[in-house]
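These notes are about the structure you will find just below.
When a residue number appears, it is its place in the shown sequence, counting from 1. Atoms within a ligand are numbered from 1 in the order they appear, just like the ligands themselves. On a predicted model such as this, the values are computed, not experimentally measured, just so you know.
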Amino acid sequence: MKTSVALENDLKAAIRTIPDYPKPGIMFRDITTLLGNARAFRRAVDELVQPWAGGKIDKVAGIEARGFILGGAVAHQVSCGFVPIRKKGKLPFKRVSIGYSLEYGIDEMEMHEDALVKGERVIVVDDLIATGGTAEAAVKLLKQVGAEVAAACFIIDLPDLGGADKIRNLGVPVRTLISFEGH
Ligand code: AMP
């Protein structure tokens, strides 16, 4: 699931890096510049799910908030439904929820309990995978309702933090388009 060097360079050039945001030591990878670039946005969306585009996908699940923008576009592209995975307290109907650890403390993410039916094939989408804690919680939430998680796709990987391997160890294939060293 390697992408070409030309594609990597193209996408990297479209991403803005902001050092020490939101706190010292973090290199924030800002995808708003990629989203604002029609060619890079389309390219990223096409490439994210390319290995699965010809197969059966029932839903794309996007993680709040940047996963909504990318996941919505991907769902349109592969003609399937979209499922929002949201921070606690945002969804109006009956929910399933899961706790996950952040750097400081614990948070919860939620999904509508009827967003997927047992056996549906779903692809998880977010902009970036770092430690993998967020994506791991999303995968577990989807499995909790009986969904089959076909893949997890991210534009950016921070391989030094080991998140992609964490998700692969759950038996879920991971696709990332570019990677950056460090945090
Ligand atoms: P993690 O749970 O550690 O894999 O963190 C992934 C989530 O945090 C994703 O939703 C990202 O959007 C966000 N995130 C983590 N690190 C960064 C970073 N360096 N730049 C931009 N977003 C980040």
Side-chain angles (χ1 to χ4, degrees), residues 1 8-37 40-41 43-45 47-49 59-75 82-91 96-111 115 122-144 149 151-183:
M1 288 179 208
E8 270 195 54
N9 290 341
D10 241 32
L11 294 180
K12 265 194 173 167
I15 289 163
R16 173 164 58 194
T17 296
I18 300 166
D20 298 320
Y21 182 89
K23 54 183 192 185
I26 301 288
M27 299 287 272
F28 191 85
R29 308 301 176 175
D30 174 20
I31 62 150
T32 63
T33 43
L34 180 145
L35 298 174
N37 174 333
F41 185 21
R43 203 68 214 282
V45 169
E47 287 293 334
L48 266 179
V49 288
K59 300 271 165 61
V60 168
I63 301 175
E64 188 170 359
R66 281 162 273 165
F68 289 179
I69 302 163
L70 295 167
V74 167
F82 177 80
V83 176
I85 296 185
R86 299 210 63 177
K87 287 164 188 147
K88 188 179 165 62
K90 304 276 189 181
L91 289 168
V96 285
S97 65
I98 189 163
Y100 65 107
S101 2
L102 297 169
E103 206 168 345
Y104 303 106
I106 289 261
D107 209 347
E108 262 180 76
M109 62 172 65
E110 298 183 325
M111 190 179 74
V122 59
I123 287 186
V124 176
V125 171
D126 202 359
D127 65 329
L128 178 149
I129 183 158
T131 66
T134 309
E136 180 184 33
V139 167
K140 287 183 172 166
L141 194 60
L142 290 161
K143 287 186 172 174
Q144 209 170 293
V149 185
C153 304
F154 311 84
I155 295 179
I156 305 163
D157 186 18
L158 304 184
D160 297 347
L161 300 182
D165 287 337
K166 186 183 277 180
I167 303 306
R168 289 189 185 105
N169 288 339
L170 296 173
V172 174
V174 174
R175 177 160 167 91
T176 62
L177 304 182
I178 57 178
S179 56
F180 290 102
E181 281 177 14
H183 289 226

Protein contact of atom 10 (O) of ligand 1 - nearest heavy atom, named by residue and atom, plus distance: Asp126 OD2, 2.8 Å
Ligand 1 versus Thr131: contacting region, heavy-atom distance under 4.0 Å: both
Review item, side-chain donor-acceptor pairs of residues 159-166, under 3.5 Å, at least two apart:
| from | atom 1 | to | atom 2 | distance (Å) |
| --- | --- | --- | --- | --- |
| Asp160 | OD2 | Gly182 | N | 2.7 |
| Asp165 | OD1 | Arg168 | NH1 | 3.3 |
| Lys166 | NZ | Thr131 | O | 3.2 |

Option whose closest heavy atom lies nearest to atom 22 (N) of ligand 1, chosen from His183, Arg66, Glu64, Lys166: Arg66
Where at least one partner belongs to residues 16-36, residue pairs that pass ring pair (Phe, Tyr, Trp, His ring centres under 6.0 Å), sequence neighbours excluded: Tyr21-Phe28
Under 3.5 Å: N/O of Ala130 near N/O of ligand 1: yes
Residue and atom name of the nearest protein heavy atom (relative to atom 8 (O) of ligand 1), distance in Å to one decimal: Thr134 OG1, 4.8 Å
Minimum-distance protein heavy atom relative to atom 20 (N) of ligand 1: Arg29 N, 3.0 Å
Within 45° cone and under 6.0 Å: Arg175 NZ/CZ vs Phe154 ring: no
Test: Arg86 and Glu64 ion pair at under 4.0 Å: yes
Which residue and heavy atom of the protein sit nearest atom 12 (O) of ligand 1, plus the separation: Asp127 OD1, 2.8 Å
The one among Ile155, Thr17, Leu128, Ile26 that brings a heavy atom closest to atom 15 (C) of ligand 1: Leu128
Closest protein heavy atom to atom 19 (N) of ligand 1, given as residue, atom name and distance to 0.1 Å: Met27 O, 2.9 Å
Which atom of Ala152 lies closest to which atom of Ile167, heavy atoms considered: CB-CG2, 4.1 Å
Option among Thr176, Leu128, Ile15 that satisfies the side-chain contact (heavy atoms from CB on, under 4.5 Å) test with Ile155: Ile15
Student check: side-chain heavy atoms of Arg29 and Ile18 closer than 4.5 Å: no
Shortest reach to atom 4 (O) of ligand 1 by a heavy atom, considering only Ser101, Gly132, Gly163: Gly132
